[in-house]
Protein chains: 2
Amino acid sequence: MVTKRELKALPEGADLRRADSLAREVFSDVANKWALLIIEALGERTLRFSELRKEVEGVSHKMLTQNLRTLERDGLVDRKVYPTVPPRVEYTLTEPGRALRATVDAMCGWTQQYLHHIEAARNRFDA
Amino acid sequence: MVTKRELKALPEGADLRRADSLAREVFSDVANKWALLIIEALGERTLRFSELRKEVEGVSHKMLTQNLRTLERDGLVDRKVYPTVPPRVEYTLTEPGRALRATVDAMCGWTQQYLHHIEAARNRFDA
């Protein structure tokens, strides 16, 4: 992301400013727990809505719907409707979605690696 | 993170369950826009509260305070108070915080790389 310092150095940086504002928007779309857990779950395989709800533990129907819509709008998740009765709806990661998943994986890996550090820090803080 | 399927395969996985619950908690603490932007800002250098507020554009006093407290409790941010008048308070990333920053960097890099893809996807979706 463009830092404020970089922007100040560019008085004519209108395009950069627009790109930065879009980058902030996109970052907001994906930098939340549910979006990241959805991307992580879809990294394994294509899933239906009900399967996703089971995989992303604790997500409400509303939050899952909202986040899937945002991810679909940003082109990270592909939504396919099959004309069966009842219609089957499946969600798959797109190529940009798969690329983002690699960073989510790194974050999950970080969580595992530092779990004991963090637990110890919490105990110190709470003491 | 441990998947539900893995947990079901381990009827005696109580320790794993506890670790997984903690991992989910930690993931929730850090997987939000403000926490990630704070970590990104502190990746450059030690900052005071007021400097952080300028760097993390759009963050409210309350959200910054709450997130810094959570990050300090998890041991990702170190808070130092210098006994000046008025007291100077500085925030620095710890080693686990710096390791997390690498994954945030990857996410920011992803945002930049796919910005045009995402913009095009949005235009198609909104049309």
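In the text below, chain A, chain B and the rest are named by the order of the sequence lines, each starting its count at 1.
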Q: Tell me which of these, A:Leu76, A:Val104, A:Val30, has more heavy-atom pairs under 4.5 Å with chain B than the rest.
A: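 Highest number of heavy-atom pairs under 4.5 Å: A:Leu76.
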Q: Mind checking whether A:Met107 and B:Met107 have side chains closer than 4.5 Å, heavy atoms only?
A: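 A:Met107 vs B:Met107: side chains touch.
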Q: Tell me which of these, B:Ser28, B:Gly75, B:Ala102, has more heavy-atom pairs under 4.5 Å with chain A than the rest.
A: B:Ser28
Q: Who among B:Ala41, B:Ala121, B:Gly58, B:Ala31 has the most heavy-atom pairs with chain A under 4.5 Å?
A: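 Of the options given, most contacts go to B:Ala31.
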Q: Got a second to check how far A:Glu40's CD is from B:Phe27's CZ, nearest 0.5 Å?
A: 7.0 Å
Q: In terms of heavy-atom pairs under 4.5 Å with chain B, which of A:Asp126, A:Asp74, A:Thr94 leads?
A: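 Highest number of pairs under 4.5 Å: A:Asp74.
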Q: For A:Asp29, is it the side chain, the backbone, both, or neither that has a heavy atom closer than 4.5 Å to a heavy atom of chain B?
A: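 When you check distances to chain B, only side chain atoms of A:Asp29 fall under 4.5 Å.
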Q: When clusters are formed by joining ILVMFWY residues with side-chain heavy atoms under 4.5 Å apart, either directly or through shared neighbours, do A:Val89 and A:Ile39 land in the same one?
A: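 The answer is yes; both residues are in one hydrophobic cluster.
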Q: Report whether A:Tyr91 and A:Tyr82 are members of the same hydrophobic cluster (ILVMFWY, side-chain heavy atoms less than 4.5 Å apart, transitive linking).
A: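 Different hydrophobic clusters.
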Q: Pick whichever of B:Val26, B:Ile118, B:Leu100, B:Asn32 has the most heavy-atom pairs under 4.5 Å with chain A.
A: B:Leu100
Q: Hydrophobic clusters here meaning ILVMFWY residues chained together by side-chain heavy-atom distances under 4.5 Å, can you tell me if A:Leu68 and A:Val81 are in one?
A: yes
Q: Above 12 or not: heavy atoms from other molecules or residues under 6.0 Å from CZ of B:Arg69?
A: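 Not buried by this count: 12 neighbours or fewer within 6.0 Å.
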Q: Apply side chain to side chain contact (heavy atoms under 4.5 Å, CB included) to the pair B:Lys33 and A:Arg24, showing each step before the final yes or no.
A: CA-CA 10 Å; B:Lys33 186 174 79 161; A:Arg24 279 172 198 277; over 6 Å; no
Q: Is A:Gln113 in contact with chain B via its backbone, its side chain, both, or neither, using a 4.5 Å heavy-atom distance?
A: neither
Q: If I measure from the heavy atoms of chain B, does A:Asn123 come under 4.5 Å with its side chain, its backbone, both, or neither?
A: neither
Q: Is there a donor-acceptor pair under 3.5 Å between the side chain of B:Trp110 and the backbone N or O of A:Pro96?
A: yes
Q: Applying salt bridge (Lys or Arg N to Asp or Glu O under 4.0 Å), run through A:Arg122 and B:Glu25 and close with a yes or a no.
A: CA-CA 12 Å; A:Arg122 282 187 174 191; B:Glu25 246 182 80; 2.5 Å; yes
